[in-house]
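Each chain gets a letter, A, B and so on, in the order the sequences are listed, and its residues count up from 1. Since the structure is predicted, the reported quantities are computational estimates derived from the model, not experimental observations.
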Protein chains: 2
Amino acid sequence: MDYSLSFKVNEKIYLRDPESTELGKQIVKNAIDLIHTLGFEHFTFKKLAKEMNTTEASIYRYFENKHRMLLYILNWYWSYMEYLVVFQLQPLANSKAKLERLVELLTHPLEESEGQADYNKQFLHQIVITESSKVYLVKEVKEINENAVFKPYKDLCARISELIQSHNPAYEFPHSLSSTLIETAHSQLFFSQHLPKLTDAGKKNKTEFVARYLKDLLFKSLQA
Amino acid sequence: MDYSLSFKVNEKIYLRDPESTELGKQIVKNAIDLIHTLGFEHFTFKKLAKEMNTTEASIYRYFENKHRMLLYILNWYWSYMEYLVVFQLQPLANSKAKLERLVELLTHPLEESEGQADYNKQFLHQIVITESSKVYLVKEVKEINENAVFKPYKDLCARISELIQSHNPAYEFPHSLSSTLIETAHSQLFFSQHLPKLTDAGKKNKTEFVARYLKDLLFKSLQA
DNA sequence: TATTAATAATAGTATTACTATTAATCAAAA
DNA sequence: TTTTGATTAATAGTAATACTATTATTAATA
């Protein structure tokens, strides 16, 4: 198979493809750093422009607003995760091993070696945990969804569904369990970091804890 | 036992107790309606003031900002849910029946008859589904949490934990499963309404679907 | 070299979030 | 009853944010 490791995100998300110019690439790279530092609410195009010595208007030529920029970043992440799910799990022996590896992919930050883009993967993972739900928990979700901009998330969910169904074809809720796995990975990681009383995590090994919890949840759900 | 059905929310959340004046009560009531209509991002104090024929500054005398106002509304909801969990489940025969009723409380909008405040319960439930995660998924979560303003959520979570532990004392993740139940109720209801491909819900009976899914998840997790 | 096209920077505006100050109301003390 | 003090709300702002129209600059092509 011939494939290139670049994830083309839906054209509707940007005004101008950030991958097409050096400035565009720098905007996305610096945006990931700054959203991680400030949080999405405090992140503005003006601050980003100052940070990278360009102008606000130049950034607006690539993205309509910061919400679309976040959506672009998350689309990249979801596409990349789908890629990992497809190609990293394929060689594994059985559906149990595949599902276990899947949980590790969802809970552990991406490794720096994986992928080609020089985005900070640690930061990206933290952004996914803290900010991802903000792209769909909005009044405009219907109009946004019409441009298929959530397709990478749905595709990832569909892939996980396939794994679930191949492990237990009789299971009634493969899609819901998939999205629950993804969302719960995020919420439990966030809670274990910031509101630990909402979890059973200890002071350390929070990632391991969440992985253990999700595996328990997943395999018990899929028991015959 | 002597109790009154008014949920005193943490004083740190407001500048002036909205329950203490007629204007304060009207502000909260109208805020619920307007957040539901506009979504939290588009909701502003200026719009709320115009809606109810008062001034922006008057609202600022009660709440520092709209984030605190949302926190106030959610605290009221979480306290009310804990009340329902304690007093509605208590008469039920066994832990299985209690957990089943719990899932129904989490997934179904509050009934208008329940509680005393004349908040729109349908709107409130929809706000909880769509907006609740926005109060903790922020950079300032640590400072916010220091004032114990998430205590009602943690208390609710602790109550559910007790139910879980009484059903299966050996279960390893009672708190995480509790928060997962709450969060998943919200995310699956949202997805079934707006991004149905992320679920296995059909065109109708979405609430029933989510309840069925959560019960399956819960009881399989708690199997010995 | 002149012309056109692409790109970025300047300089705005409208809205939002928030606050300092002033005005109005009301209750208690003189 | 009037005066004072305290509480409350409204006016009129400011700083920051989100976004855009226009101008300037650079690069490509005729």
Side-chain angles (χ1 to χ4, degrees), chain A residues 11-31 34-73 131 134-135 137-140 143-144, chain B residues 11-31 34-73 131 134-135 137-140 143-144:
Chain A
E11 292 184 1
K12 297 282 175 73
I13 294 178
Y14 49 73
L15 297 172
R16 183 180 161 73
D17 184 0
E19 282 293 308
S20 70
T21 68
E22 191 49 40
L23 179 62
K25 288 178 200 166
Q26 284 304 311
I27 286 172
V28 175
K29 181 176 154 53
N30 283 276
L34 199 59
I35 291 172
H36 177 263
T37 304
L38 301 177
F40 189 62
E41 282 73 22
H42 296 296
F43 168 82
T44 68
F45 280 3
K46 180 162 269 172
K47 290 174 186 169
L48 175 59
K50 196 178 177 187
E51 183 78 13
M52 53 188 291
N53 283 315
T54 183
T55 62
E56 211 186 344
S58 301
I59 299 168
Y60 273 105
R61 301 190 74 258
Y62 289 85
F63 295 101
E64 207 180 321
N65 52 50
K66 69 174 183 175
H67 184 272
R68 289 273 151 165
M69 184 183 266
L70 179 58
L71 195 52
Y72 177 90
I73 292 167
E131 320 292 359
K134 295 170 190 172
V135 301
L137 290 179
V138 293
K139 211 67 191 176
E140 304 86 353
E143 297 81 63
I144 296 171
Chain B
E11 293 184 359
K12 296 284 175 72
I13 295 177
Y14 48 73
L15 298 173
R16 182 181 162 72
D17 185 0
E19 281 294 307
S20 70
T21 68
E22 190 50 40
L23 178 63
K25 288 177 199 166
Q26 284 304 311
I27 285 172
V28 175
K29 182 176 153 53
N30 283 276
L34 199 59
I35 291 171
H36 177 264
T37 305
L38 301 177
F40 189 62
E41 283 72 23
H42 296 296
F43 168 82
T44 69
F45 279 4
K46 180 162 267 169
K47 289 174 186 168
L48 176 59
K50 195 177 177 189
E51 183 78 13
M52 55 189 290
N53 282 317
T54 182
T55 63
E56 213 184 344
S58 301
I59 299 168
Y60 273 104
R61 302 191 72 261
Y62 289 85
F63 294 102
E64 207 180 322
N65 52 52
K66 70 174 183 175
H67 184 272
R68 289 272 152 166
M69 184 182 265
L70 179 59
L71 195 52
Y72 178 90
I73 292 167
E131 320 291 0
K134 295 170 190 171
V135 300
L137 290 179
V138 293
K139 211 69 192 175
E140 304 86 352
E143 298 81 61
I144 296 171

Partner lookup for D:dA30, please. Criteria are Watson-Crick or G-U wobble with both distances under 3.5 angstrom; report none if nothing qualifies.
C:dT1
How many Å lie between [atom1] on [X] and [atom2] on [N], as a whole number?
| X | N | atom1 | atom2 | answer |
| --- | --- | --- | --- | --- |
| A:L15 | C:dT7 | CG | P | 13 Å |
| B:H67 | C:dC18 | NE2 | P | 11 Å |
| A:E22 | C:dT7 | CD | P | 14 Å |
| A:I59 | C:dA8 | CD1 | C1' | 12 Å |
| B:L23 | D:dA10 | CG | C1' | 12 Å |
| A:R61 | C:dA9 | CZ | P | 10 Å |

So, the side chain of B:K66 versus the backbone of B:E41: is there a donor-acceptor pair under 3.5 Å, distance only?
yes
Does atom NZ (B:K47) have a neighbourhood of more than 12 heavy atoms from anything else shown, all under 6.0 Å?
yes
If the sugar-phosphate is the primed atoms plus P, OP1 and OP2 and the base is the rest, what is the B/S/- string for nucleotides 11-27 of chain D, using protein heavy atoms under 4.0 Å?
B-----BBBB-------
Once you apply a heavy-atom cut-off of 4.0 Å, does B:T21 come out as touching a base, just sugar-phosphate, or nothing?
nothing
With sequence neighbours excluded, tell me which residues meet side-chain hydrogen bond (donor to acceptor under 3.5 Å, both in side chains) with A:E140.
B:H42
Between B:T21 and B:Y62, is there a side-chain donor-acceptor contact under 3.5 Å, judged purely by atom types and distance?
yes
Tell me whether the rings of A:F43 and A:F45 are parallel (<30°), tilted (30 to 60°) or perpendicular (>60°).
perpendicular
So B:E131 and B:L70, do their side chains get closer than 4.5 Å, heavy atoms only?
yes
Ranking D:dT8, C:dT7, C:dA9 by distance to the side chain of A:T54, first place goes to C:dA9
